[in-house]
Amino acid sequence: MDPLITLFDDNPPLATPILVPDLLALYGGDLVMPLDLPVTDSTVEGDRAYCYANFVATIDGITSFNLPKQDTGGEISGGSAIDHAVMGILRARADAVIWGSKTYHAARRFLPTPAAIWPAGAAVLAAQRTRLGKGSAPPLAIVVTASGQIDLTGALVQRPEQPAIIATTDAGAARLGDITGAAPNTTVWSFGASVPPAALLRRLRAERGVRLALCEGGAALLGAFLATGALDELFLTRAPQFAGRSLAMPRPGLVEGVAFAPASAPWAILRSLKHSGSYLFERYSLAPHTART
Ligand SMILES: NC(=O)c1ccc[n+]([C@@H]2O[C@H](COP(=O)([O-])OP(=O)(O)OC[C@H]3O[C@@H](n4cnc5c(N)ncnc54)[C@H](OP(=O)(O)O)[C@@H]3O)[C@@H](O)[C@H]2O)c1
């Protein structure tokens, strides 16, 4: 696989790279998070997990074809090997991976582990997690649902080696009931009338020691994180195709469920830009920045 070519990167280099040598070469540089820097300020290392999202979108900003059995990011990326490798690297950095319930159901056969998305990289991804002090445990998996309507046959809640949390409302928790027998390594967290993203990130930090949380979507969940200022960074792969959408065939963009006003729409700052052939790999930081710089 050809390595990414870095066109721009304003992330500060560290004396000792975070990425292991093979991933450093493939990613076209290091993958430094603010929490890696020797001096962290209170806006970065606060009382909640730092949250970065990763998505792939078409040129026209579509994130799912929304067709039966053709509704995952895989169709959007065209099964791109380098995109899968980047997903694996981003998962390897995470203490927890967060999915909305529709993403969970669309990907019910899959686990949110580094090796699950890039099996050929399993050994180097395991070495990366060892280097980060994360041992052999997979990232904690989180499924967010207001309704509690979760099919408990999905791999994420069925595999005993995969710890998982279903984050839901009081009503959702009541609907789920006691899942101990149905999903052995899964815990239900109830947050009241809604699931505020920042409250979820605070609880992950306080109760599970999660410092880095990766939100893998979908668009409705990303909208909730953006709308509440709970998103710190976005990694966005731009796949060189157009998906289109119509009234008869609605398809999610990158952000759904929230419509910002011009005066309050969040702005982002480009942190790095890479490419592999015609695929672009963009990295943006958000909170606490809102300036158009
Ligand atoms: N291209 C990509 O990178 C990418 C990434 C991820 C997903 N996808 C695709 O995008 C589609 C799914 O995206 P989506 O936007 O339709 O759905 P989604 O964000 O995956 O899930 C939406 C559901 O999550 C729950 N939810 C979201 N925010 C919540 C909040 N603040 N509090 C409580 N519950 C919340 C709700 O579940 P309940 O309805 O259960 O209450 C909501 O209906 C799938 O086709 C998936 O494969 C693509």
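Just follow the structure's listing: the first ligand is 1, and inside any ligand the first atom is 1. The structure presented is a predicted model; accordingly, all values stated were derived computationally and were not measured.
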Checklist outcome for this item: Ordered by chain then number, the protein residues lying under 4.0 Å from ligand 1 by heavy atom are F55, V56, T63, S64, D71, T72, G73, G100, S101, K102, T103, A106, V144, T145, A146, S147, V195, E216, G217, G218, A219, A220, L221, A224

Checklist entry - So, S190 versus D170: side-chain donor-acceptor pair below 3.5 Å or not? => result yes

Checklist entry - How about I150 and H105: do any of their side-chain heavy atoms sit closer than 4.5 Å? => result yes

Checklist entry - Does some side-chain heavy atom of P112 sit less than 4.5 Å from a side-chain heavy atom of Q162? => result yes

Next on the checklist: Using the salt bridge (Lys or Arg N to Asp or Glu O under 4.0 Å) definition, which of the options R208, R211, K134 pairs with D95?
Outcome noted: K134

Item to check | Inter- and intrachain pairs under ring pair (Phe, Tyr, Trp, His ring centres under 6.0 Å), touching residues 182-237, at least two apart | outcome: Y52-F235

Checklist entry - Around atom CZ of R131, are there more than 12 heavy atoms of other residues, nucleotides or ligands at under 6.0 Å? => result yes

